[in-house]
Amino acid sequence: MDEQPRLMHSHTGVGMAGHPGLPQHMQEGTGGTDGDGRKQDIGDILQQIMTITDQSLDEAQARKHALNCHRMKPALFNVLCEIKEKTVLSIRGAQEEEPPDPQLMRLDNMLLAEGVSGPEKGGGSAAAAAAAAASGGVGADNSAEHSDYRAKLSQIRQIYHTELEKYEQACNEFTTHVMNLLREQSRTRPISPKEIERMVNIIHRKFSSIQMQLKQSTCEAVMILRSRFLDARRKRRNFNKQATEILNEYFYSHLSNPYPSEEAKEELAKKCAITVAQVSNWFGNKRIRYKKNIGKFQEEANMYAARTAVNAANASSHGTPPLSISHCHIDAPSLS
DNA sequence: TCTTATGATTGGGT
DNA sequence: ACCCAATCATAAGA
């Protein structure tokens with residue numbers, strides 16, 4: 001226990017006043033008497049350092065060894081650690097355990113939803129499905145339509161993952177390095193395991209803040225990609241022929257009242273593999289455009305009327321008339 | 001390249 | 001909430 005003080009005061013009485021290596025203001029203490037005492041100690045130590053010789057180095061080495069091997073050393077370090085722990089706790093307060101950052105959670109959720117941070121293939125399908133629904137593409141051209149989107153998304157995903165891995169690796173390397181360093185130092189200065197843990201936490205927090213930046217920029221990239229590829233207006237695709245025929249068939253066979261009910265819209269949407277909203281859009285467009293130029297659509301109207309008539313005839317010859325076809329108007333309709 | 005067709009959006013009305 | 005009308009932006013055709 002008394003080794004340390006002896007070491008500190010082994011060469012007492014040699015003041016530091018006027019020492020060439022020290023700036024003047026260091027010597028003119030403004031603190032109280034306690035500060036003066038401490039400065040005196042520091043002066044002693046400095047003086048010792050200045051007068052170190054090979055011999056004294058050996059001597060110090062021997063002393064250090066002796067100190068390390070002292071039977072009371074663990075106890076001393078324990079006490080010192082305890083004192084340190086208390087001061088640290090009083091300084092830092094109770095803000096150790098912070099709740100998970102809501103913004104980080106939001107970013108995580110979004111990345112997961114976009115299939116960037118999720119499992120390799122499964123996550124992507126959700127975004128692809130959303131893309132399909134938004135663009136209104138159907139069937140075969142669907143996959144071709146979004147292969148580009150998916151390629152870009154997976155590119156983002158790859159960059160994200162490699163970066164994340166890099167950060168993680170760097171974090172782990174740094175953490176182990178610091179831990180080793182602290183463990184090494186704990187032999188010569190009091191460091192409690194708790195302190196090491198705290199240091200590790202600090203490092204992790206730093207790295208996770210870097211990760212958050214990565215996540216944020218990834219999110220931005222995905223949003224830009226989405227807005228570019230999924231803006232249906234930009235990437236408008238015509239409905240396929242079959243869907244258009246189904247819609248036209250309904251329209252011309254209900255020319256007197258071309259307003260499908262919610263249920264009818266749903267059925268049409270299912271048949272055409274498009275959304276109900278798209279069905280509504282189609283009918284809205286069709287009605288207005290038909291009304292604007294009935295003449296232009298006359299041929300089309302006749303064609304569909306004839307076709308439905310043929311269908312009806314065929315169906316009735318088989319004994320089962322179609323449910324949906326009630327009547328066919330070839331004349332000008334009642335749109336107004 | 002210019003024109004037309006077409007799906008989606010917007011704004012106003014009921 | 002639904003519709004109409006105008007408009008946008010792109011696809012498809014000439």
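Protein chains get the first letters and strands the later ones, always in sequence-line order, with residue 1 at the start of each.
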Just how far, in rounded Å, is [atom2] of [N] from [atom1] of [X]?
X      : N      : atom1 : atom2 : result
A/R237 : C/dT10 : CZ    : P     : 12 Å
A/N285 : B/dT10 : CG    : C1'   : 13 Å
A/Y259 : B/dT14 : OH    : C1'   : 13 Å
A/F239 : B/dT6  : CZ    : C1'   : 9 Å
A/I274 : B/dT6  : CD1   : C1'   : 13 Å
A/K286 : B/dG7  : NZ    : C1'   : 12 Å
A/N293 : B/dT3  : CG    : P     : 18 Å

Please tell me if [X] has a side-chain N or O lying less than 4.0 Å from either OP1 or OP2 of [N].
X      : N     : result
A/N281 : B/dG7 : no
A/Y290 : B/dA5 : no
A/R287 : C/dC4 : yes
A/K265 : C/dC3 : yes
A/K296 : B/dT4 : no

### Query
Salt bridge between A/E266 and A/K270, side-chain N to carboxylate O under 4.0 Å?
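Between A/K270 and A/E266 there is no salt bridge, as every charged N stays at least 4.0 Å from the carboxylate O atoms.
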### Task
Look at A/E249 together with A/K271 and state whether they make a salt bridge at an N to O cut-off of under 4.0 Å.
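So A/E249 does not pair with A/K271 through a salt bridge.
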### Query
Counting only N and O atoms by type, is there a donor-acceptor contact under 3.5 Å from the side chain of A/H161 to the main-chain atoms of A/R157?
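Confirmed, A/H161 side chain pairs with A/R157 backbone.
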### Message
If we ignore hydrogens and angles and just use 3.5 Å, is the side chain of A/K73 paired with the main-chain N or O of A/R187 as donor and acceptor?
### Response
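Yes, A/K73 side chain to A/R187 backbone: donor-acceptor pair under 3.5 Å.
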[X] side chain: which of [options] is closest?
X      : options              : value
A/R289 : C/dC2, C/dC4, B/dG7  : B/dG7
A/N238 : C/dA5, C/dA12, C/dC2 : C/dA12
A/R236 : C/dA6, C/dT10, C/dA5 : C/dT10

### Query
Has A/R287 got its NZ or CZ under 6.0 Å from the middle of the six-membered ring of A/Y290, at an angle within 45 degrees of the ring axis?
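Negative - A/R287 is either too far from the ring of A/Y290 or too far off its axis.
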### Task
Please indicate whether A/E267 has more than 12 foreign heavy atoms, meaning atoms of other residues, nucleotides or ligands, lying under 6.0 Å from its CD.
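Incorrect, the count does not exceed 12.
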### Stem regions touching DNA chain B, defined by at least 3 consecutive Watson-Crick or wobble G-U pairs below 3.5 angstrom
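Only these stems qualify: B:1-14 with C:1-14.
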### Message
Would you say A/S280 and A/K265 are linked by a side-chain donor-acceptor pair, where the criterion is simply a distance under 3.5 Å?
### Response
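Checked: A/K265/A/S280 side chains pair up, N/O donor to acceptor below 3.5 Å.
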